[in-house]
Amino acid sequence: MCKVSVIVPFYNCAYIDQALDSLLKQTYSNVEIIVVNDGATEHSDRINPYLHRIIYIEKENGGTASALNVGLRHASGEYVCWLSSDDVYSANKIEHQLTFMIKENASFSYTNYHLINKKGTVTSRSIGVYYQSRLRMLQEMSKGNFINGCTVMIKKEVFERVGTFNETLLYTHDYDMWLRIIKQFPIHYIDNPLLYYRVHEKMGTMRYARTIRKEVKRLIASHKSTMQQAIAKEK
């Protein structure tokens, strides 16, 4: 029975208990939950009731990428997932996705997802994006990130090939990782909404939107040459 490690970066998030509840209610049992406290100053007490069922690591604040990398170093599963502390997995997320990964011999997959608000109410359904051909996927990924990181499941061995998350990227470390992966591995999609992605006023993508756009622009430029080569191979 394969072990799946789920890394939960945490920083001052009041929804962390809901994220952890969703992991503890998974229909798949062999799950390793790794919570990395990235120097939080608020809401850490919400983790206390779960300490006997998780791996809990505290570190100085260094950003989400650094928290994910700490989690990766401690992960013992053959497969790795990431759950933001304000989001929620569907109860069958890990079981369904792992079954698919094994059946397809996939190294990387992502899924459809719903949007929820701060109260947990679904506001938009099935907003995941997928492109049928690898060529189109490469073309669109070279323009912007369409993969929600918390829907992803990755074979841990993939990181041995592409490296870990770039800690100098405060907001686009996920996009950078997918760009590195897509050049070397097929990208699989599960058209089943297995994540509830919370949109709220304190989320980083809303608070730092202008800075994120600038970082995305720089990242696209840095990958332009190698992405063009990958696209050319598919034509």
What do the steps show when you test Ile220 against Lys224 for side-chain contact (heavy atoms from CB on, under 4.5 Å), and what is the final call? CA-CA 6 Å; Ile220 288 173; Lys224 183 176 180 179; 5.6 Å; no
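- Side-chain atoms of Ser84 and Arg198, non-hydrogen and from C-beta on, never get closer than 4.5 Å to each other.
- With rounding to the nearest 0.5 angstrom, the SG atom of Cys81 is 5.5 Å from the CD atom of Gln97.
- Interatomic distance, CZ of Phe108 versus CD1 of Ile154, reported as 5.0 Å (0.5 Å rounding).
- Within the 4.5 Å cutoff, the side chain of His188 has heavy atoms near those of the Phe100 side chain.
- Of all heavy-atom pairs between Lys93 and Val152, the closest is NZ-O, 3.5 Å.
- Across all non-hydrogen atoms, the minimal contact from Ala230 to Leu138 is O-CD1, 3.8 Å.
- Gln228 places no side-chain N or O within 3.5 Å of a backbone atom of Ser142 that could act as its donor or acceptor partner.
- Checking side-chain atoms of Asn92 against main-chain N and O of Glu95 turns up no donor-acceptor pair under 3.5 Å.
- A distance of 12.5 Å separates OG of Ser5 from OH of Tyr79, quoted to the nearest 0.5 Å.
- Taking CG from Leu194 and OG1 from Thr111, the interatomic distance works out to 4.5 Å, rounded to the nearest 0.5 Å.
- In the hydrophobic clustering of this structure, Val88 does not group with Ile16; members are Ile, Leu, Val, Met, Phe, Trp, Tyr whose side-chain heavy atoms approach within less than 4.5 Å, directly or through other members.
- Ring-centre distance between Tyr15 and His200: below the 6.0 Å cut-off.
- Side chain of Asn12 to backbone of Thr41: a donor-acceptor contact under 3.5 angstrom is found.
- Under the 4.5 Å side-chain criterion, counting only non-hydrogen atoms from C-beta, Ile33 is in contact with Leu20.
- Ring geometry, Phe165 versus Phe159: the interplanar angle falls from 30° to 60°, so the pair is classed tilted.
- At distances below 3.5 Å, not a single donor-acceptor pair connects side-chain atoms of Arg125 with backbone N or O atoms of His114.
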Intermediate values then yes/no, side-chain hydrogen bond (donor to acceptor under 3.5 Å, both in side chains), Asn112 and Asn192: CA-CA 5 Å; Asn112 207 335; Asn192 190 349; over 6 Å; no
Would you please test Val31 and Val6 for side-chain contact (heavy atoms from CB on, under 4.5 Å) and show each step? CA-CA 7 Å; Val31 178; Val6 183; 3.9 Å; yes
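- In this pair, Tyr110 and Tyr130 present their aromatic rings tilted. The plane angle is within the 30 to 60° band.
- Between Tyr131 and Phe146, the ring centre distance stays below 6.0 Å.
- Heavy atoms from other residues, nucleotides or ligands lying under 6.0 Å from CD of Glu60 number 12 at most.
- Comment: Glu140 engages Arg136 in a salt bridge, judged by a side-chain N to carboxylate O separation of less than 4.0 angstrom.
- Looking at Arg134 and Glu234, a side-chain N of the basic residue comes within less than 4.0 Å of a carboxylate O on the acidic one, giving a salt bridge.
- Here Arg53 pairs with nothing under the salt bridge (Lys or Arg N to Asp or Glu O under 4.0 Å) rule; sequence neighbours left out.
- Screening Arg213, Lys214, Glu215 for a side-chain hydrogen bond (donor to acceptor under 3.5 Å, both in side chains) with Thr172, the sole residue that qualifies is Glu215.
- No donor-acceptor contact under 3.5 angstrom links the side chains of Glu167 and Ser66, judged on distance only.
- Between Tyr113 and Tyr197, the ring-plane angle classifies as perpendicular under the 30° and 60° cut-offs.
- If you chain together hydrophobic residues whose side chains sit under 4.5 Å apart, Val122 and Leu115 never meet in one group.
- Follow the hydrophobic side-chain contacts under 4.5 Å out from Leu169 and you never reach Tyr11; the two are in separate clusters.
- Of the N and O atoms on the side chains of Lys143 and Gln139, not one donor lies less than 3.5 Å from an acceptor on the other residue.
- One N or O on the side chain of Glu32 and one on the backbone of Ser76 form a donor-acceptor pair closer than 3.5 Å.
- When atom types are taken as modelled, the side chain of Glu78 and the backbone of Cys2 share no donor-acceptor pair closer than 3.5 angstrom.
- Side-chain atoms of Val158 and Met177, non-hydrogen and from C-beta on, never get closer than 4.5 Å to each other.
- Of all non-hydrogen atoms in Gly71 and Ile7, the two that sit nearest each other are C-CD1, 3.5 Å.
- Atom NZ of Lys217 sits in a sparse spot, with 12 or fewer heavy atoms from other residues, nucleotides or ligands closer than 6.0 Å.
- No side-chain donor-acceptor contact under 3.5 Å links Asp174 to the backbone of Gly149.
- A donor-acceptor pair under 3.5 Å links the side-chain atoms of Lys156 to the main chain of Ala75, judged by distance alone.
- Smallest separation of non-hydrogen atoms from Pro49 and His52: O-CE1, 3.2 Å.
- Under 4.0 Å is where a charged nitrogen must lie from a carboxylate oxygen, and between Lys25 and Asp21 no such pair does.
- Ile94 and Met153 get closest at one heavy-atom pair: O-CE, 3.9 Å.
- Between Val216 and Tyr175 there is a side-chain heavy-atom pair separated by less than 4.5 Å.
- The backbone N or O of Leu219 lies less than 3.5 Å from no partner atom in the side chain of His223, so there is not a single donor-acceptor pair.
- Note on Tyr28 and Tyr196: separate hydrophobic clusters, where clusters join Ile, Leu, Val, Met, Phe, Trp and Tyr whose side-chain heavy atoms are under 4.5 Å apart, directly or indirectly.
- For the residue pair Asp176 / Asn166, no side-chain donor-acceptor distance below 3.5 Å is found, with atom types taken as modelled.
- In this structure, CG on Asp86 lies 4.5 Å from SG on Cys13, to the nearest 0.5 angstrom.
- Looking at Asp38 and Thr64, their side chains never come closer than 4.5 Å, going by heavy atoms from C-beta outward.
- The hydrophobic cluster containing Tyr189 also contains Ile182, counting ILVMFWY residues as joined when their side-chain heavy atoms lie under 4.5 angstrom apart, directly or transitively.
- Within the 4.5 Å cutoff, side-chain heavy atoms of Leu72 are placed close to those of Val80.
- With a 4.5 Å cut-off on side-chain heavy atoms, Ile147 and Met141 count as touching.
- Once rounded to the nearest 0.5 Å, the distance linking NE2 of His96 with OG of Ser109 reads 9.5 Å.
- In summary, of the residues considered (Ile34, Leu23, Ile47, Asp87), a side chain to side chain contact (heavy atoms under 4.5 Å, CB included) with Val8 occurs for Leu23 alone.
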